**Student:** 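Structure in C-alpha cells, see below.
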Amino acid sequence: MNRSCFIITGTSKGIGEHLSRMLLERGHLVVGIARRSSEALLAYTSYTHISYDLSDAEGLEPLISSVIQQLDLENFGMAALINNASMLEPLKPIEQCSSEELTRSLHVSFLAPMILTSTFIRHSEHLSLQRKVMNISSGSGIYPAPGMSAYCSAKAGLNMFT
C-alpha cells in the first residue's frame, strides 16, 4: 500500500475528526487544520495539528504553501486536500444576520475552500505524485432550509465550484 498524505480542514470534531481517525488507522499522514485540536487525533504520531481560523482568508495561501513545503510529499503515493470545515451559523432569518456573521460564515464555508484548492494545486503541480481535492458538501446545497441561508448558499456555491 502506498502511504498518502491528507490535508484536512475542520478536524476538531464531526466528519473531519472521524475521517482523520480512519485515515490515520490505515497508516496515512494527516495534517489537520482547525481552530481547536482533537485530543483523540493528537494521540497519533502521524497526525499534525495546525491551529488556524479559516475565516482569516489573507493567511490561507501562506498557510498551505508552508504546509506543502514542510512535507516531503515525494515519498507519498498521493497528496489530498479535503475541504471539510464549514459553519452552520448564523441559524436565523437573513434579516437578523449581521454582516460580520455572514462574512465569517461565507469565508469559512466557501471562500476558504476556493483559496485552499487554488493554492494546493499551484504549489503541488511540480510533484510527480497523484493529487486530489475533495470538497465536503451537504444536501443543504440543493435543498434550502429556513434560517440557513448562509450555510445553504455556501454549500450551493461549493457544489458549483467543485
Side-chain angles (χ1 to χ4, degrees), residues 5-24 29-42 47-71 73 79-125 127 131-162:
C5 175
F6 294 87
I7 302 167
I8 306 174
T9 64
T11 54
S12 64
K13 59 185 176 182
I15 293 171
E17 181 183 39
H18 186 73
L19 177 60
S20 296
R21 190 177 308 165
M22 287 177 27
L23 293 167
L24 290 163
L29 177 76
V30 174
V31 176
I33 302 170
R35 285 177 292 160
R36 292 176 292 282
S37 62
S38 160
E39 292 302 317
L41 296 179
L42 292 174
Y47 177 78
T48 301
H49 177 76
I50 297 173
S51 182
Y52 192 83
D53 184 345
L54 295 173
S55 68
D56 177 10
E58 293 300 316
L60 291 171
E61 188 167 346
L63 173 73
I64 291 299
S65 175
S66 172
V67 168
I68 291 171
Q69 287 175 5
Q70 290 177 17
L71 295 169
L73 291 177
L81 169 66
I82 302 177
N83 289 306
N84 166 68
S86 193
M87 279 188 71
L88 280 171
E89 298 80 18
L91 293 173
K92 53 191 171 185
I94 193 68
E95 67 273 13
Q96 295 175 14
C97 298
S98 71
S99 60
E100 293 82 13
E101 290 173 315
L102 293 170
T103 299
R104 181 171 174 72
S105 179
L106 292 172
H107 274 195
V108 171
S109 303
F110 183 50
L111 183 61
M114 292 180 77
I115 294 170
L116 293 172
T117 298
S118 170
T119 306
F120 175 79
I121 292 170
R122 193 172 343 102
H123 288 275
S124 65
E125 65 187 353
L127 300 170
R131 298 172 299 147
K132 291 187 180 184
V133 175
M134 293 166 248
N135 294 318
I136 306 299
S137 188
S138 164
S140 295
I142 301 169
Y143 304 104
M148 296 179 66
S149 57
Y151 181 76
C152 292
S153 297
K155 289 301 183 178
L158 188 63
N159 288 345
M160 184 58 72
F161 170 66
T162 302

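Only a predicted model underlies this, so the values are computations on that prediction, with no experimental measurement involved.
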**Student:** Looking at every non-hydrogen atom in both residues, tell me the closest pair between Ala34 and Ser12 and how far apart they are.
**Tutor:**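 Where Ala34 meets Ser12 most closely, the heavy atoms are CB-N, 3.9 Å.
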
**Student:** Can you confirm whether Tyr151 sits close enough to Ser105 that some side-chain heavy atom of one is under 4.5 Å from a side-chain heavy atom of the other?
**Tutor:**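 In short, these two side chains do not touch, never coming nearer than 4.5 Å.
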
**Student:** Measure from the side-chain N and O atoms of Arg131 to the backbone N and O of Ile121, and report whether any donor-acceptor pair falls under 3.5 Å.
**Tutor:**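 Yes; at least one donor-acceptor contact below 3.5 Å.
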
**Student:** Between atom OH of Tyr47 and atom OG of Ser37, what is the distance when rounded to the nearest 0.5 Å?
**Tutor:**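 Rounded to the nearest 0.5 Å, the OH-OG separation comes out at 7.0 Å.
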
**Student:** Mind checking what makes salt bridge (charged side-chain N to carboxylate O under 4.0 Å, His left out) contact with Lys132, not counting sequence neighbours?
**Tutor:** none

**Student:** Thr48 versus Val30: any side-chain heavy-atom pair under 4.5 Å?
**Tutor:**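 They are not in side-chain contact.
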
**Student:** For a side-chain hydrogen bond (donor to acceptor under 3.5 Å, both in side chains) with Ser55, tell me which candidate from His107, Arg104, Arg35 qualifies.
**Tutor:**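 Single pass found, and it is Arg104.
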
**Student:** Apply the test side chain to side chain contact (heavy atoms under 4.5 Å, CB included) to residues Thr119 and Leu63: give CA-CA distance (whole Å), side-chain angles for both, the deciding distance (0.1 Å), then the verdict.
**Tutor:** CA-CA 9 Å; Thr119 306; Leu63 173 73; over 6 Å; no

**Student:** Taking the side chain as C-beta and beyond, is there a heavy-atom pair between Phe161 and Asn159 under 4.5 Å?
**Tutor:** no

**Student:** How long is the straight-line distance from CG of Leu81 back to OG1 of Thr9, given to the nearest 0.5 Å?
**Tutor:** 7.0 Å

**Student:** Checking Leu71 against Leu29 for the side chain to side chain contact (heavy atoms under 4.5 Å, CB included) test, could you report, in this order, the C-alpha distance in whole Å, the side-chain angles of both residues, the deciding distance, and whether it holds?
**Tutor:** CA-CA 10 Å; Leu71 295 169; Leu29 177 76; 3.7 Å; yes

**Student:** What pairs meet the salt bridge (Lys or Arg N to Asp or Glu O under 4.0 Å) rule with one or both residues in residues 56-70, with sequence neighbours excluded?
**Tutor:**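 Every salt bridge (Lys or Arg N to Asp or Glu O under 4.0 Å) pair that includes a residue of residues 56-70, provided the two are not neighbours, is Glu61-Arg122.
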
**Student:** What are the two closest non-hydrogen atoms of Met148 and Leu91, and how far apart are they?
**Tutor:** CG-CD2, 3.6 Å

**Student:** May I have the step-by-step check of side chain to side chain contact (heavy atoms under 4.5 Å, CB included) for His18 and Lys13, ending in yes or no?
**Tutor:** CA-CA 7 Å; His18 186 73; Lys13 59 185 176 182; over 6 Å; no

**Student:** Within the structure provided, determine whether Ile7 and Ile82 are in side-chain contact (heavy-atom separation under 4.5 Å).
**Tutor:**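 When only atoms from C-beta onward are counted, Ile82 and Ile7 do not touch, as no gap falls below 4.5 Å.
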
**Student:** Where is the tightest heavy-atom contact between Leu106 and Ala150, given as atom of each residue plus distance?
**Tutor:**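 That would be CD2-O, 3.9 Å.
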
**Student:** Please report the interatomic distance CD1(Ile142) to OG(Ser137), rounded to the nearest 0.5 Å.
**Tutor:** 7.0 Å

**Student:** Does a side-chain N-to-carboxylate-O contact under 4.0 Å join Lys92 and Glu101?
**Tutor:**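 Looking at Glu101 together with Lys92, the answer is yes, because their closest N to O distance falls below 4.0 Å.
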
**Student:** Could you measure the distance from the SG atom of Cys152 to the OH atom of Tyr143? Nearest 0.5 Å is fine.
**Tutor:** 12.0 Å

**Student:** Under 3.5 Å, is there a donor on one side chain and an acceptor on the other for Thr11 and Glu17?
**Tutor:**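 Distance-only check fails for Thr11 and Glu17.
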
**Student:** Is there a side-chain contact between Leu42 and His49, using heavy atoms and a 4.5 Å cut-off?
**Tutor:** yes

**Student:** Distance check, rounded to the nearest 0.5 Å: Leu158 atom CG versus Ile136 atom CD1?
**Tutor:** 9.0 Å

**Student:** Out of curiosity, Leu60 CG to Ser118 OG, how far, rounded to the nearest 0.5 Å?
**Tutor:**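 It comes to 11.0 Å.
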
**Student:** Between Gln70 and Ser66, do the side chains contain a donor N or O and an acceptor N or O under 3.5 Å apart?
**Tutor:**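 Yes - a donor-acceptor pair under 3.5 Å links their side chains.
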
**Student:** Would you please say whether a donor-acceptor pair under 3.5 Å links the side chains of Asn135 and Thr162?
**Tutor:** yes

**Student:** Closest approach of Ser109 and Met87, non-hydrogen atoms and distance?
**Tutor:** OG-N, 2.9 Å

**Student:** Between Val133 and Leu116, is there a side-chain heavy-atom distance shorter than 4.5 Å?
**Tutor:**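 No, every pair of side-chain atoms sits at 4.5 Å or beyond.
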
**Student:** Find out whether Ile8 and Ile33 are in side-chain contact, i.e. whether some heavy atom of one side chain is under 4.5 Å from a heavy atom of the other.
**Tutor:** no

**Student:** Less than 4.5 Å apart, side chain to side chain, heavy atoms only: is that true for Leu41 and Arg21?
**Tutor:** yes

